[in-house]
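These numbers come from the heavy atoms of this one structure, side chains and all, not from hydrogens, waters or symmetry mates. Each chain gets a letter, A, B and so on, in the order the sequences are listed, and its residues count up from 1. Fair warning: this is a prediction, and the values are worked out from it, not measured in the lab.
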Number of protein chains: 2
Amino acid sequence: MYDCQVAQPDDLESTTQPPAPAAETGLSRAQVVAEAIRLADADGVEGLSMRKLATSLGAGAMSLYHYVANKSELLDAMADVVFAEIDAPEGDDWRAAMRRRSISARAVLARHPWAVGVLESRVSPGPETLRHREAVMACLRRAGFSPVMATHANWLLDSYVYGFALQEASLPFTSADDLADMTEAVYLPQLPQDRFPYLHESAAALMEAGFDPAQQFVFGLELILEALEPLRSETATG
Amino acid sequence: MYDCQVAQPDDLESTTQPPAPAAETGLSRAQVVAEAIRLADADGVEGLSMRKLATSLGAGAMSLYHYVANKSELLDAMADVVFAEIDAPEGDDWRAAMRRRSISARAVLARHPWAVGVLESRVSPGPETLRHREAVMACLRRAGFSPVMATHANWLLDSYVYGFALQEASLPFTSADDLADMTEAVYLPQLPQDRFPYLHESAAALMEAGFDPAQQFVFGLELILEALEPLRSETATG
DNA sequence: TTGACAATCGTACACCGTACGAGGCAGAGT
DNA sequence: ACTCTGCCTCGTACGGTGTACGATTGTCAA
């Protein structure tokens, strides 16, 4: 009826490796996925093809299909591995916990910029993703948010994290030096002061002050966490 | 040096149609882009190919390249048209203005779910995009935000809008009925209460209460706007 | 020895973006 | 009237893609 599988049953057990990855000789699903992530980090997802991945693993293209049903499942698996890199929220202080996990999430998504795009149109969360989401909901519920409020808070925080990562991924520069060069060479000339005075001003201010994505991220994150605080302990709502 | 063009000079003038679109016979860039958007809305971006687009316009595939340098430029143009659908912020009340424009942005991105994904890895904003961003910055600056604070607020709001749209686009259902069916048929069985009690609880609560993305969006939006309010008029900072 | 099964991969097919260049057709110059 | 010059159309072809199919091998149980 619905073709949307949340996770394969035995994937849920995958904390212990499936049958033993055969170590030295032959491939393994984990190796395939890991190499795919390496390639995607280097060249972007659009540069990742089954043939290239296979070659990079020293195998024939069709061999991959023994470990992965199709490319879509491969992308799902990649996203799940990336998700596993994110620190789960821990501790009694919900703000500290969510701050840590959100900062971690942004950092991870900055390391794997393609992952944000993969999230979209990818419907079946993997086991690590589920575990992580469960941990987040647990943290919020234990902090006193009602089920409905916890869901709201979760959406708000995730939206911010993903949206920030998306914007960050589409920035044309990586380092602060790039920013300066870039701004001076491209943006300012193309944003004439008379037509786009405010964008011009903003670009100039950005270049002058430098731009640290992590710091920029924390600014909005703190605002959101503070705004969520008063919504706790209205346990009757949900 | 940098291959990142912000906008073609004459694109900036494109409020008036370039040379006259030739109306009846022959194609026009605007027609090509519009049909591409129609197809992407129907089948998703990954289902959009130059050949299908051409056929759908009653033309040969290569004819398109007279109006569009390559597929990447086509995607840029599509994103720009979508951006033009978003209401620009208007009026003296900055919160009302930004609320309207953010709600409009979410609605537009929900209508064109592929557009969020196109944003990523697309580096050159089109003329409409620039106009819109300029209007947003103008609104914030006039409301008393310093240049730096306005930039922060802009990032925060845009992150929320894009992130929300991204999450919404990856939802496996569209209508409330779908939600109920979906939850009952797929999520609840696959989220056993003992392993994922909180996700289970959340899914159940969501199904019971119904789920209106627009309403959910406004919740977080209002929180953000309220949190930004006290940061106005610190004009000395920037 | 035989049979089952896991793993590898060569080949082929349909599709993709697009380079190249050949054609048609409208209007301007002579 | 003739040519020339541009815009516009698109057929063909090339190198890439995901992957269906089936042949091949290696390994182990009976």
Side-chain angles (χ1 to χ4, degrees), chain A residues 3 8 10 17-37 39-40 42-79 114 117-118 121-122 124, chain B residues 3 8 10 17-37 39-40 42-79 114 117-118 121-122 124:
Chain A
D3 63 347
Q8 306 303 330
D10 56 71
Q17 311 286 24
E24 204 68 34
T25 172
L27 299 171
S28 79
R29 185 180 158 109
Q31 271 174 50
V32 169
V33 175
E35 183 65 15
I37 291 178
L39 288 186
D43 308 334
V45 248
E46 67 281 2
L48 174 68
S49 81
M50 299 300 271
R51 285 182 236 255
K52 282 187 208 160
L53 174 55
T55 316
S56 161
L57 286 162
M62 292 313 291
S63 303
L64 301 180
Y65 286 87
H66 194 73
Y67 304 97
V68 158
N70 45 43
K71 193 178 184 181
S72 168
E73 194 192 282
L74 173 65
L75 290 173
D76 281 340
M78 291 166 66
W114 48 268
V118 167
S121 94
R122 212 120 302 269
S124 58
Chain B
D3 62 346
Q8 305 304 330
D10 54 71
Q17 311 285 24
E24 204 69 33
T25 173
L27 300 170
S28 78
R29 184 180 160 110
Q31 270 174 51
V32 169
V33 174
E35 183 65 14
I37 290 178
L39 288 187
D43 308 334
V45 247
E46 67 281 3
L48 174 68
S49 80
M50 299 300 271
R51 285 182 235 254
K52 281 188 209 161
L53 176 54
T55 317
S56 162
L57 286 163
M62 293 313 292
S63 303
L64 302 180
Y65 287 87
H66 194 74
Y67 304 97
V68 158
N70 45 42
K71 194 178 184 182
S72 168
E73 193 190 283
L74 173 65
L75 290 173
D76 282 339
M78 291 166 66
W114 49 270
V118 167
S121 93
R122 212 119 301 270
S124 58

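- Rounding to whole angstrom units, CZ of residue Arg29(B) and P of dC8(D) are separated by 13 Å.
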Which pairs of donor and acceptor atoms, one on a side chain in residues 49-62 of chain B, lie under 3.5 Å apart (sequence neighbours left out)?
| from | atom 1 | to | atom 2 | distance (Å) |
| --- | --- | --- | --- | --- |
| Ser49(B) | OG | Lys52(B) | N | 3.1 |
| Lys52(B) | NZ | Gly47(B) | O | 3.0 |
| Thr55(B) | OG1 | Arg51(B) | O | 2.6 |
| Ser56(B) | OG | Glu35(B) | OE2 | 2.4 |

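- Leu48(B) comes within 4.0 angstrom of sugar-phosphate atoms only, judged by non-hydrogen atoms across all strands, and of no base.
- Smallest separation of non-hydrogen atoms from Tyr67(B) and Val32(B): CD1-CG2, 4.2 Å.
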Considering only nitrogen or oxygen atoms on both sides, find all protein atoms under 3.5 Å from nucleotides 22-25 of chain D and state each distance.
none

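- The side-chain contact (heavy atoms from CB on, under 4.5 Å) search around Val45(A) returns Leu75(A), Trp114(A), Val118(A), not counting sequence neighbours.
- Along DNA chain C, the nucleotide nearest to Gly47(B) and the one nearest to Gly60(A) differ in position, and the one closer to the 5' end is contacted by Gly60(A).
- Residue Leu57(A) is classed as having no contact, given no heavy-atom separation below 4.0 Å to the nucleic acid.
- Mapping heavy-atom proximity under 4.0 Å, the span of DNA chain C touched by chain B runs 5' to 3' from dC16(C) to dC20(C).
- Pairing each heavy atom of Leu48(B) with each of Lys71(B), the nearest pair is O-NZ, 2.7 Å.
- A donor N or O paired with an acceptor N or O is not found under 3.5 Å between the base of dG16(D) and the side-chain atoms of Arg51(A).
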Checklist entry - Where does DNA chain C pair, written as one dot-bracket string 5' to 3', with Watson-Crick or G-U pairs under 3.5 Å, ( ) inside the strand, [ ] for crossing pairs and | for another strand? => result ||||||||||||||||||||||||||||||
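- If you check residues 61-71 of chain B against DNA chain D, the residues with a heavy atom closer than 4.0 Å are Met62(B), Ser63(B), His66(B), Tyr67(B), listed by number.
- Atom CD of Gln31(B) is separated from atom C1' of dC8(D) by 14 Å (rounded to the nearest Å).
- Here Ala54(B) lies out of heavy-atom contact (under 4.0 Å) with every strand.
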